[in-house]
Amino acid sequence: MTKQFNAFEMAQRQFDAVAEKLQLDESSRELLRWPLREYHFLIPVRMDDGSVQVFHGYRVQHNDARGPAKGGIRFHPQETVDTVRALAMWMTWKCAVVDIPLGGGKGGVICDPHNLSAREQEQLCRGWVRQVVRNVGPVQDVPAPDVMTNPQHMVWMLDEFERIRGGHFPGFITGKPVEVGGSLGRTEATGYGVVYTVREACRRLDVPIEGARAAIQGFGNVAQYAAKKLIELGGRVVAVSCWDNDDHCAYTFRKADGIDVDELLSFTDRFGTIDRERARQVGYEVLDGDAWIEQEVEILIPAALENQVTAENVGRIAPTVRILAEGANGPTTPEADAVLAERGIFVIPDFLCNAGGVTCSYFEQVQSNQNFFWPKEEVLERLDEKMTAAFHAVADLASETGEYMRDAAYMIAIQRVATACRLRGWV
Ligand code: NAD
């Protein structure tokens, strides 16, 4: 029988490999390869039909040596403690690589919100907070939305937290609606952040961004704003793709002289699915789902989901491609990574490339704690500064040591967290 994929085992293996390269001492390795704290609890919810359903909830705090733990809460039927542990660990590295003063955490509830009424979801959110209220908060652990949770869930959680604690604590949670203390610029942050790193990679590689061609997998939040920013900088996005839930397959939409984001958005639904008929009418070629990867472009941006650039399709990448920017989390398999490294394609690893989201969440927390909110331009300017500095720190290390970009990013992140643990006297 084949062993099931376990995200936490993979996260630990990645950590072990870099810890070895860094010659990290034994106690630091033991401290960092496990979560510092984890909570598993039950949330009884009175359902609309009067019955009580008991849900399993989690919060994992992987490490908070650099600041309060930070990470989203997922509602998902296949959630397991190991997925939450892996995601919490990756958050530690993501916050460290962009050098924001936060640690890594993640939460979850095993449930399918599609089958829950709004009232039941509200009870679930409030129940989640009641179970961890002593262990989370603006100076301990700051949650955020993730898969199948949204700004409304965050407000219910904030309200429950404030009722119990008796006061206003808007810095308890991020991803709030702008009307209740959310940050301007959060919607754009991840996609724009991806392109800030692409812009800097182009500079280092001497690829003029003006006129550079790109193909993007996906057309959701990250892809849409990445496309917008790239076009604003003079680039040309020749293809995007999306998943069609009715046909259970993906499609690529190509326009050789460049897509028009607003035009495409006028017939894209809120899940990022593009209407094929309308696209054809305005001159798009509709190709198979994998076609985005074989376009003659300089820049590839997988921005849909994990496990997309694989041993099977990596060979289809055109010789023109210079940069692969991982907008999605975990889009490249280790086998494909080896091929990319051998071909000299410059990879901007996910936890650096898509860190714009968490960086803006950090800004939201800062604004909330100060009760003073910045204009959107200021948020985006600060985001650009952070992403640019983080990118060059990693690229400098990679070029000085000859390490692959992903390994260089891990080395910087792990070293920063290990140093904080050592300075605190934990190891
Ligand atoms: P989204 O749900 O808004 O959009 C996903 C897009 O991918 C949709 O257009 C969908 O049709 C498309 N898609 C799904 N499966 C596909 C397939 N097999 N082939 C082609 N297209 C497919 O999601 P998002 O928020 O844009 O997130 C995309 C990725 O970025 C995820 O991996 C997510 O974890 C990661 N990410 C997002 C953020 C954020 O702030 N939104 C932050 C960090 C990382």
Side-chain angles (χ1 to χ4, degrees), residues 7 70-74 76 83 86-87 90-91 93-95 97-98 104 106 144-151 154 174-175 182-183 185-195 197 215-229 237 239-254 259 261 264-265 267-276 279 286-293 295 300-310 312-313 325-332 348-364 383 387:
K70 180 93 194 84
I73 301 170
R74 275 183 180 201
H76 203 276
T83 336
L87 291 162
W90 284 325
M91 283 305 295
W93 312 140
K94 192 181 283 203
C95 292
V97 82
V98 281
K106 206 81 187 188
D146 199 82
V147 175
M148 287 205 264
T149 53
N150 60 39
M154 300 303 109
T174 64
S183 176
R186 175 62 186 90
T187 318
E188 297 87 343
T190 307
Y192 279 15
V194 166
V195 175
T197 65
I216 303 182
Q217 187 191 32
F219 198 57
N221 173 263
V222 178
Q224 290 167 14
Y225 285 99
K228 268 195 182 167
K229 187 47 92 184
V237 178
V240 295
S241 72
C242 74
W243 180 257
D244 189 307
N245 225 3
D246 295 332
D247 296 5
H248 294 284
C249 67
Y251 293 98
T252 298
F253 298 76
R254 193 167 89 108
I259 66 157
V261 177
L264 266 185
L265 280 176
F267 44 84
T268 299
D269 71 13
R270 67 193 168 94
F271 303 107
T273 302
I274 302 165
D275 184 321
R276 290 201 300 287
V286 180
L287 309 168
D288 74 78
D290 244 4
W292 71 279
I293 206 171
Q295 299 302 309
L300 283 180
I301 307 181
L305 68 177
E306 66 286 345
N307 231 353
Q308 295 304 300
V309 183
T310 64
E312 286 73 49
N313 64 16
E326 295 182 334
N329 283 316
T332 308
I348 311 175
D350 51 2
F351 67 103
L352 168 65
C353 190
N354 68 34
V358 73
T359 304
C360 195
S361 293
Y362 159 61
F363 294 157
E364 176 179 338
L383 178 69
M387 296 298 295

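Just so you know, ligand 1 is whichever comes first in the structure, and atom 1 is the first atom listed for that ligand.
Not a single side-chain hydrogen bond (donor to acceptor under 3.5 Å, both in side chains) links N221 to another residue, sequence neighbours left out. Applying the side-chain hydrogen bond (donor to acceptor under 3.5 Å, both in side chains) criterion to D244, with sequence neighbours excluded, gives R276.
Minimum heavy-atom separation, T252 to W292: OG1-N, 3.3 Å.
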Report, one line per pair, each donor and acceptor closer than 3.5 Å where one atom sits in a side chain of residues 348-360; sequence neighbours left out.
| residue | atom | partner | partner atom | Å |
| --- | --- | --- | --- | --- |
| D350 | OD2 | G330 | N | 2.7 |
| N354 | OD1 | K94 | NZ | 2.7 |
| N354 | ND2 | G327 | O | 3.0 |
| N354 | ND2 | A328 | O | 3.3 |
| N354 | ND2 | N329 | OD1 | 3.0 |
| N354 | ND2 | D350 | O | 3.4 |
| T359 | OG1 | A355 | O | 2.7 |

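One N or O on the side chain of T268 and one on the backbone of L264 form a donor-acceptor pair closer than 3.5 Å.
Contact residues of ligand 1 (protein heavy atom closer than 4.0 angstrom to a ligand atom; sorted by chain and number): R186, T190, Q217, G218, F219, G220, N221, V222, S241, C242, W243, A250, F271, G272, A303, A304, L305, G327, A328, N329, N354.
K106 and T83 share no side-chain donor-acceptor pair at under 3.5 Å.
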